[in-house]
Amino acid sequence: MTSRRILVTSALPYANGPIHIGHLVEYIQTDIWVRFQRLRGADCRYFCADDTHGTAITISAKRNEVSEEEFIAKMSAEHQTDFAGFAIEFDNYGSTNSEENRELCAQFWKSLRDADLVIEKEIEQLYDPEAQQFLADRFVRGTCPKCGRTNQPGDNCECGHTYTPADLIDPVSVLSGATPELRKATHLFVALEKLHPFLEKWSQSGEHLQTEVANYLKGHFLHEELRDWDISRPGPYFGFEIPDSPGNYWYVWFDAPIGYIASTWEWCKRNGESLDKWWKDPETEVHHFIGKDITYFHTLFWPGMLQTAGFTLPTKVHIHGFLTVGGEKMSKSKGTFVKAAKYLEHLDPAYLRYYYATKLGPRLDDLDLNVAEFAEKIDSDLVGKVVNIASRCAKFVQTTGLSAAYPDDDGRFEYAAQAGEEIAAAYEACDYNRAMRLILELADRANPFIEANKPWELRKDPANAQALQDVCTVGINLFRQIIIYLSPVLPKLATEVGALLNDPITSWDQSQTPLAGTQINKFEHLMKRVDTKRVQAMIDESKEETADADAANPADEIAAKFNDSADVLAAEPLAEECTIDDFMKVDLRVARVLHAEEVTDARKLLKLTLSLGGDERRQVFAGIKAAYKPEDLIGRLVVMVANLKPRQMKFGLSEGMVAAAGEGGAEVFVLTADEGAKPGHRVH
RNA sequence: GGGCCAGUAGCUCAGUCGGUUAGAGCAGGGGACUCAUAAUCCCUUGGUCGCGGGUUCGAGUCCUGCCUGGCCUACCA
């Protein structure tokens with residue numbers, strides 16, 4: 001049997017922020033799997049890249065006052081440093097903004113066109129007139145039309161109500177703060193329904209997806225006609241322009257997965273490999289590791305695209321759940337949103353690799369990081385049990401080396417060798433927590449052997465020299481076996497043990513044959529216990545960092561952009577709470593300014609004639625002379641208190657008030673109603 | 001509202017096709033040891049298998065109703 005050829009990917013991290021411990025669940029999970037496959041002799045290659053396109057990148061680049069290209073280059077370097085810090089090793093780490101990717105996108109696109117899957121439709125979308133671009137839902141915020149909560153995102157509200165951005169009251173563009181307007185634009189769509197039979201067959205075959213995922217697809221999408229997939233965005237958009245549709249760009253989710261192939265291609269070019277061998281040869285297995293949030297891109301669109309363009313379909317899409325910390329979602333304010341770099345300042349990456357391994361199973365369940373359990377598992381499993389075996393044996397054979405022939409060990413080595421297949425099956429199935437349990441069981445069998453044979457007593461009598469060497473030879477070999485099994489999870493430890501024993505760990509099969517007659521190098525501590533003070537420090541520092549630079553959600557981005565002072569509210573604190581009835585007593589109406597003139601004898605007043613529609617007119621004196629010229633007001637819509645008791649002033653009768661805000665003097669700003677409001681409309 | 005998954009010892013979880021007295025690790029208790037990083041080893045306490053029905057000679061396991069939690073999703077299955 002020839003060895004398996006396997007191509008593995010992790011989801012492409014978005015180039016909009018740093019890697020954190022939540023991301024690492026996936027990259028550690030994948031890296032373990034890749035290392036396992038290589039250990040088993042497979043030709044296994046691991047590809048990833050930064051996902052670099054989309055409006056969010058443009059916003060971030062602007063905020064940092066650099067070009068998009070500069071911004072993504074910096075992020076990519078940071079990401080790669082973070083991954084390397086956790087011993088996550090890619091064969092190639094690319095970028096979706098590469099020429100390879102552009103070329104492949106064009107190739108996929110042509111295939112879709114040739115298959116007659118691309119259609120054009122005109123859709124209405126909110127447009128930011130200031131930034132001169134269309135806005136995705138999450139780049140619009142406003143007041144929920146149902147419950148009235150302010151500053152809600154463009155698609156749904158905290159109250160649970162869902163709507164389209166056009167339904168929002170007082171929508172605001174996150175990009176510029178301008179009021180978006182509805183505009184029509186032509187978008188390109190993939191008519192996915194034509195691939196329905198194929199997707200049904202592929203997703204429900206039971207071979208490629210976890211059963212929960214197959215059920216999800218069936219229940220949510222495949223039970224009815226598949227909707228056309230909007231695949232283009234009008235410019236400006238940081239991405240690739242569609243060759244046969246100038247002014248339109250491929251949506252980031254079109255070019256992102258193609259980035260898997262582009263990254264492979266870069267590696268092929270560098271190593272004289274053929275891309276077809278890796279992406280068009282049915283002998284090559286393709287495995288994607290992703291989080292459950294991006295399930296449908298990878299299980300509907302992506303197989304559809306691959307099928308149409310003639311590339312290899314995923315052998316398996318491995319989907320994992322999210323990380324929680326202490327049973328709760330990661331939280332910036334609680335300091336549990338720990339960046340990879342921050343973790344590395346304080347703790348050994350091996351800890352996290354092992355801990356995740358003990359928690360990861362083949363299903364999509366979320367996994368929880370519990371700080372107490374984290375320390376406990378490392379200390380008791382790795383330090384107390386595993387490393388301890390070497391620690392208590394190595395120095396006795398430092399000078400003599402291992403026994404020339406492997407001694408009798410009551411079948412312990414053989415038992416552990418046999419266990420190898422079961423452990424391997426668990427790794428293969430991504431059931432790492434099972435693999436870890438099985439391996440630890442072996443450690444629990446090794447320590448009693450040493451205990452029973454008392455090397456510390458044997459060494460007291462030179463006559464027992466051979467017995468002492470034999471006991472330690474067994475101990476060291478049982479230890480080595482365990483380390484071989486753990487090496488996908490703990491590569492650095494495996495390297496160190498290989499050096500200690502003068503026998504680098506390169507193959508799973510090494511677990512089947514004991515070492516004998518070889519020299520041992522000087523033993524040094526292989527792993528430290530977890531310093532819980534450092535864990536706490538890491539969490540505390542994560543708290544501090546996010547306290548002053550929290551710009552993760554669009555609301556905060558806007559807040560940072562405008563940087564509104566708190567002084568204004570402080571200068572005039574909120575009035576006593578009132579009821580809706582109290583409020584309704586004040587009848588605010590939209591009115592149009594028909595006429596305005598300066599009151600010559602008054603320092604502050606303008607005399608306004610307001611219309612409430614039809615013949616309904618009011619004369620109002622407003623204290624805005626320093627701020628507005630009469631001619632600038634005429635024709636405008638304002639908001640007035642229409643049922644205010646008329647008041648006789650020195651210059652005439654005032655029949656209401658114009659609503660305005662500001663410090664006073666020239667700093668006064670009249671409230672206006674947006675276009676569409678009509679004189680006479682009540683303000684609710 | 002709908003869907004999926006889970007609920008087993010104080011904690012984290014195993015438990016195969018329905019089959020003896022439901023297991024492990026950690027924590028707790030007792031003891032031993034001193035090679036080892038306050039490590040290790042032996043013994044031990046601890047369970048109404050979420051709750052109620054049903055199928056069966058036999059149910060942690062299968063069916064059903066309910067409760068709780070998590071996730072997904074939305075007037076649609």
Taking a pair as Watson-Crick or G-U wobble with both distances under 3.5 Å, which nucleotide is matched to [N]?
N	answer
B:rC17	none
B:rC41	B:rG31
B:rA24	B:rU12
B:rA77	none
B:rU68	B:rA6

Geometric cation-pi criterion, A:R445 with A:Y415: 6.0 Å, 45°: yes
Does A:Y354 have A:K377 sitting over its ring (NZ/CZ under 6.0 Å from centre, angle to axis within 45°)? no
With rounding to the closest Å, how many angstrom separate the [atom1] atoms on [N] and [M]?
N	M	atom1	answer
B:rU48	B:rC41	P	30 Å
B:rU73	B:rG54	P	39 Å
B:rG2	B:rG46	P	43 Å
B:rC13	B:rA6	C1'	13 Å
B:rC26	B:rC63	C1'	36 Å
B:rU12	B:rG28	C1'	16 Å
B:rG70	B:rG23	C1'	26 Å
B:rA32	B:rU16	P	40 Å

Contact class for [X] (heavy atom, under 4.0 Å): base, sugar-phosphate, or nothing?
X	result
A:N370	nothing
A:L217	nothing
A:R434	nothing

Taking for each residue the nucleotide of RNA chain B with the nearest heavy atom, is it A:W456 or A:D444 whose nucleotide lies nearer the 5' end? A:D444
Starting from the 5' end of RNA chain B, give me the residue, A:A443 or A:V387, whose nearest nucleotide shows up first. A:V387
For the pair made of [atom1] in [X] and [atom2] in [N], what is the distance, rounded to whole Å?
X	N	atom1	atom2	result
A:H320	B:rG70	NE2	C1'	17 Å
A:K377	B:rA24	NZ	P	17 Å
A:N447	B:rU40	CG	P	7 Å
A:I319	B:rC5	CD1	C1'	14 Å
A:I450	B:rC42	CD1	P	12 Å
A:Y354	B:rC26	OH	P	11 Å
A:K385	B:rC41	NZ	P	7 Å

Is the backbone N or O of A:L490 less than 3.5 Å from a side-chain atom of A:R353, with the two atoms forming a donor-acceptor pair by type? no
So which nucleotide from [options] ends up closest to the side chain of [X]?
X	options	answer
A:S380	B:rU40, B:rC26, B:rU12	B:rC26
A:D365	B:rG70, B:rC5, B:rA36	B:rC5
A:E457	B:rU12, B:rU34, B:rC26	B:rU34
A:P448	B:rC41, B:rU12, B:rC35	B:rC41
A:R392	B:rC72, B:rC35, B:rG70	B:rC35
A:N388	B:rU37, B:rC13, B:rA39	B:rA39

Please confirm whether the shortest side-chain N or O distance from [X] to OP1 or OP2 of [N] is below 4.0 Å.
X	N	result
A:R363	B:rC5	no
A:K292	B:rC4	no
A:R529	B:rA39	yes
A:K395	B:rA36	yes

Measuring from A:I520:CD1 to A:T473:OG1, what's the distance to the nearest 0.5 Å? 7.5 Å
Classify the ring geometry between A:W508 and A:F36 as parallel (under 30°), tilted (30 to 60°) or perpendicular (over 60°). perpendicular
Using 30° and 60° as the class limits, which term best fits the ring planes of A:F523 and A:H525: parallel, tilted or perpendicular? perpendicular
Under 3.5 Å, is there a donor-acceptor pair between the A:Q510 and A:Q481 side chains? no
